[in-house]
Amino acid sequence: MTDHQLPDDDLPCVLVVDLITDYLDDALSPHERARLEEHLAECDDCVTVLDQFRTTITVTGRLASDDVDRLDEPTRAQLIGVFQQWAAGRPG
Amino acid sequence: MQNAPVENVGVGDASIIEALRRGDDQVFTEVVERLHPTLRRVARGYLRSEEAIGDVIQETWIGVLRGIDRFEGRSSLRTWVVSILVNVARSHAVREARMVPFAALGLPDDPRSGFGPECFEGPGGEYPGHWSTPRTPWSEDPVAATLAGETRELVARAVAELPESQRTVITLRDVEGWTGPEVAATLGISEGNQRVLLHRARARVRRALDQHLLPMERRAV
């Protein structure tokens, strides 16, 4: 849990944007989380930015379906060769 | 024996490790297949050439096999394999003399969340620290547009241009879907530092999307 030493009065937006990843990771203390949610209830601009971070995460996740990183046949054969050579050299 | 499911490496780790120790090449192939995209994406954060990436992946598996009798299963198999890859990739990168220390969290003047001081009201403003101009929601839905090549290309490029440490963290967290504690353990950093790197990385990708998606006349940041 991170202690952010939040100011006593209303959170400024400049601080809120720094807390977005901590918020989404549920790494804020219950008090900090409540303060942040209080701010979000009042500030449409910060909600817009929070939504943009969420969308960014979703869009970045789509890179996982990139076919160029699948195991290709020559590499598969090469790595199996490494494994078989290693296995053959083991005692028992 | 029934092959252990490797859909989620971590669940059946103990039986997978046993099978590898016995020399079961079918299980080895399944594990390699499953982890290969992750290994390539992480390696690419350190090395540019396809040849170097191939070498690093092969060296990683050799390291895994050499160490497998000593692997105690305190971390998940995939955490262990990726931590070996990161070490191998870093030492290759050092030889190529293009390595920055992992601890570098970003330049001090790099705004952590991607918004410069001009985005907020100064101390003399009516609401210091609050937005100086309204934030504009994105004009199209980039999730729907992701499959359209342009947006996808843009995000891939934004990730590729990140400093290595940020790139590794966003790749494992947001592309591969790993948890924060798992990424921190793999990279040997604290969970807090892991989140700082992740936040900076997301902020840069968000900003790239923002510049791409905002209507021309509204591109302020």
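FYI, side chains are in, hydrogens and waters are out, and symmetry mates aren't considered; it's all heavy atoms of this structure. Quick caveat: nothing in here was measured; it's all calculated off a predicted structure. Below, chain A is the first sequence line, B the second, and so on; all start at residue 1.
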For Gln78(A), is it the side chain, the backbone, both, or neither that has a heavy atom closer than 4.5 Å to a heavy atom of chain B? side chain
From the list Thr56(A), Thr60(A), Thr55(A), side-chain contact (heavy atoms from CB on, under 4.5 Å) partner of Leu209(B) resolves to Thr56(A)
How many angstroms lie between atom CG of Leu24(A) and atom CZ of Arg195(B), to the nearest 0.5 angstrom? 11.0 Å
Could you tell me whether Glu51(B) atom CD has more than 12 heavy atoms of other residues or ligands within 6.0 Å of it? no
Are the side chain of Arg206(B) and the backbone of Gln52(A) linked by a donor-acceptor contact shorter than 3.5 Å? no
Determine yes or no for a side-chain-to-main-chain donor-acceptor pair under 3.5 angstrom, with Asp45(A) supplying the side chain and Arg135(B) the backbone. yes
What's the spacing between Arg62(A) CZ and Arg152(B) CZ if we round to 0.5 Å? 9.0 Å
Option that, when pairs with chain A are counted at under 4.5 Å, heavy atom only, ranks first among Arg41(B), Arg44(B), Glu176(B), Glu33(B): Arg41(B)
Please state whether the side chain, the backbone, both or neither of Arg76(A) comes within less than 4.5 Å of a heavy atom of chain B. side chain
Rounded to the nearest 0.5 Å, what separates atom OG1 in Thr60(B) from atom CG in Leu79(A)? 9.5 Å
Given heavy-atom pairs under 4.5 angstrom as the criterion, report whether the side chain, backbone, both or neither of Trp61(B) touches chain A. side chain
Please flag which part of Leu15(A) lies under 4.5 Å from any non-hydrogen atom of chain B: side chain, backbone, both or neither. neither
What residue, out of Thr48(A), Ile80(A), Val17(A), has the most heavy-atom pairs lying under 4.5 Å from chain B? Val17(A)
Specify the closest pair of heavy atoms between His130(B) and Cys13(A), including all atoms of both residues, with the distance to one decimal. ND1-SG, 3.3 Å
Distance in Å, Trp86(A) CH2 paired with Asp25(B) CG, rounded so as to fall on 0.5 Å steps: 11.0 Å
Portion of Leu154(B) that has a non-hydrogen atom of chain A nearer than 4.5 angstrom: neither
With a 4.5 angstrom heavy-atom cut-off, which part of Ala87(A) approaches chain B: side chain, backbone, both or neither? side chain
Closest approach of Val49(A) to Trp131(B) (non-hydrogen atoms, all atoms of both residues): CG2-CZ2, 3.8 Å
Heavy-atom pairs under 4.5 Å with chain A: which of Ala203(B), Pro117(B), Gly180(B) has the most? Ala203(B)
Apply salt bridge (Lys or Arg N to Asp or Glu O under 4.0 Å) to the pair Arg90(A) and Asp69(B), showing each step before the final yes or no. CA-CA 11 Å; Arg90(A) 281 168 77 76; Asp69(B) 288 329; 3.0 Å; yes
Calculate, to the nearest 0.5 Å, the distance between atoms CZ and CD1 belonging to Arg202(B) and Ile57(A) respectively. 3.5 Å
Counting only heavy atoms not in Glu37(A), do more than 12 fall under 6.0 Å of its CD? yes
For Val159(B), which atoms come within 4.5 Å of any heavy atom of chain A: side chain, backbone, both, or neither? side chain
Ranking Gly129(B), Gly54(B), Gly23(B), Pro128(B) by heavy-atom pairs under 4.5 Å to chain A gives rank one to Gly129(B)
Less than 4.5 Å to any heavy atom of chain B: does that hold for the side chain of Cys43(A), its backbone, both, or neither? side chain
Taking the side chain as every heavy atom from C-beta outward, state whether His199(B) and Phe53(A) have any pair of such atoms under 4.5 Å apart. yes
Checked His36(B), Glu121(B), Gln58(B) vs chain A; the most non-hydrogen pairs under 4.5 Å come from His36(B)
Is it the case that more than 12 heavy atoms not belonging to Arg66(B) sit under 6.0 Å from its CZ atom? no
So, do Thr29(B) and Phe83(A) sit near enough that their side-chain heavy atoms are less than 4.5 Å apart? no
Assess whether a salt bridge exists between Arg173(B) and Asp25(A), defined as any Lys/Arg side-chain N lying under 4.0 Å from an Asp/Glu carboxylate O. yes
Rounding to 0.5 Å, atoms CG (Leu39(B)) and CG (Asp69(A)) come to a distance of 10.0 Å
